[in-house]
Amino acid sequence: MSKLQALIFDVDGTLAETERDGHRIAFNQAFDDAGLDWHWDVPTYGRLLAITGGKERLLHDWQQRDPAAAARAEARPLIAELHRRKTAHYVRLVAEGGMALRPGVKRLLLEARDAGLRLAIATTTTPDNVEALLRATLGANGLAMFACIGAGDAVPRKKPDPGIYAWVLERLRLDPQQCVAFEDSANGLRAALGAGLPAVITTGSYTAGEAFPGALALLDGLGEPQAPASGHVGQQAWTGSVDLATLQAWVSAA
Ligand code: XBP
Ligand code: MG
């Protein structure tokens, strides 16, 4: 088994719990700005997360509620404008310190960087959102920690399509067996596996009930030494904090 060369992270739900109290709030603010009586409550937004990509999610919801209106020529520009406003709200919310990294994320990023591994991002979200989150949580040099950031419309099809992972692997010039992907959702896992990557799943508030066939490990987080995560690696129960030695052992045994 190859020595690990890179860790590739999903963003929303994996680096931080951004969906319920971040993206959802920003979408609702954009609806208010536009004078629309649309509102995505917590369960509604949870259902809509099955559709990856904010613009795609907006169109899908509109099509469900009012197919005739969503089919009009004006629908696409309105969605683009709503999404532009939503991104501005989200970036501001994050810059104001509204989102924290999940436990263990910063520890693992720093350990991997210091060990000479490369770090990358493969996400469906808009690049501005990634930059805002990395800057707000890791400081001014946060972005520079990552060798490659694959985000949003860099590829024509969003997760569960594997395209964004293939895009990142191509730029890293690595084989999937030299990397581990980190995801929180079934759509994300399908994307990673589709690109041939082993994937560690850290479930979150919206994804804990999903099925994750083929995951290298299925955990409730990355954990910290003083606050371990728990879950399963294959059929085996596991508890601990995920570090590089753990990851290398998992991929070697897989
Ligand atoms: C999650 C997504 C994104 C966000 C919203 O991406 O599907 O659409 O919900 O961001 P991931 P945008 O888990 O791959 O990070 O509105 O910018 O799409
Ligand atoms: Mg995610």
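Start at 1 and go down the list; that is how both ligands and their atoms are numbered. Computed over heavy atoms, backbone and side chain alike; hydrogens, waters and symmetry mates excluded. These numbers come from a predicted model, not from an experiment.
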**Q** For Q226, I'd like to know if atom CD has over 12 heavy atoms of other residues, nucleotides or ligands within 6.0 Å.
**A** yes

**Q** Is the count of non-hydrogen atoms from other residues, nucleotides or ligands lying under 6.0 Å from R20 atom CZ greater than 12?
**A**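 No, not enclosed.
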
**Q** Tell me whether L49 has any N or O atom under 3.5 angstrom from an N or O of ligand 1.
**A** no

**Q** Which bit of D10 gets closer than 4.0 Å to ligand 1, counting heavy atoms only: side chain, backbone, both or neither?
**A**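 The answer is the side chain.
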
**Q** Checking the N or O distance criterion of under 3.5 Å, is ligand 1 in contact with T87?
**A**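 By distance alone, the answer is no.
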
**Q** Any N/O of I51 closer than 3.5 Å to an N/O of ligand 1?
**A**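 No, there is no polar N/O contact under 3.5 Å.
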
**Q** Does even one non-hydrogen atom of G13 get within less than 4.0 Å of ligand 1?
**A**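 Distance cut 4.0 Å: G13 fails for ligand 1.
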
**Q** In this structure, which one of F27, Y45, F31 forms a ring-ring contact (aromatic ring centres under 6.0 Å, His included) with W38?
**A**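 Of F27, Y45, F31, ring-ring contact (aromatic ring centres under 6.0 Å, His included) with W38 is met by F31 alone.
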
**Q** Compute the minimum heavy-atom distance from R57 to ligand 1 and say whether it is under 4.0 Å.
**A** yes

**Q** Below 4.0 Å from any atom of ligand 1, is there a heavy atom belonging to Y45?
**A**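 Under 4.0 Å: yes for Y45.
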
**Q** Test salt bridge (charged side-chain N to carboxylate O under 4.0 Å, His left out) on R102 and D184; report intermediate values, then the result.
**A** CA-CA 11 Å; R102 291 185 67 181; D184 69 305; 5.9 Å; no

**Q** Could you tell me if R57 sits above the aromatic ring of W40, with its cationic atom closer than 6.0 Å to the ring centre and no more than 45 degrees from the axis?
**A** no

**Q** For K86, give me all partners under side-chain hydrogen bond (donor to acceptor under 3.5 Å, both in side chains), at least two apart in sequence or on another chain.
**A** H23

**Q** Looking at ligand 1, would Y90 count as a contact under a 4.0 Å heavy-atom criterion?
**A** no

**Q** Is it true that the side chains of D33 and H89 contain a donor and an acceptor less than 3.5 Å apart?
**A**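 Present: a donor and an acceptor within the cut-off.
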
**Q** Would you find more than 12 non-hydrogen atoms of other residues, nucleotides or ligands less than 6.0 Å from R92 atom CZ?
**A**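 For R92, atom CZ is crowded (more than 12 foreign heavy atoms under 6.0 Å).
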
**Q** Could you enumerate the protein N, O or S atoms under 2.8 Å from the Mg ion (ligand 2), written like residue then atom name?
**A**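 Per the 2.8 Å query on the Mg ion (ligand 2), atoms found are D10 OD2, D12 O, D184 OD1.
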
**Q** Please report whether ligand 1 has a polar contact with T52, defined as an N or O pair separated by less than 3.5 Å (distance criterion only).
**A** no

**Q** CG of L108 to OG of S241: how many Å apart, nearest 0.5 Å?
**A** 9.5 Å

**Q** What is the distance from atom CG of L216 to atom CH2 of W250, rounded to the nearest 0.5 Å?
**A**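 The distance works out to 7.0 Å.
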
**Q** So is K86 touching ligand 1 or not, going by heavy atoms under 4.0 Å?
**A** yes

**Q** What part of F27 sits under 4.0 Å from ligand 1 if we count only heavy atoms: the side chain, the backbone, both or neither?
**A** side chain

**Q** Quick one: which of K158, K159, R157 gives a salt bridge (Lys or Arg N to Asp or Glu O under 4.0 Å) with E56?
**A** K158

**Q** Which option out of K55, H23, E19 puts a heavy atom nearest to atom 9 (O) of ligand 1?
**A**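 Result: the heavy atom closest to atom 9 (O) of ligand 1 is in E19.
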
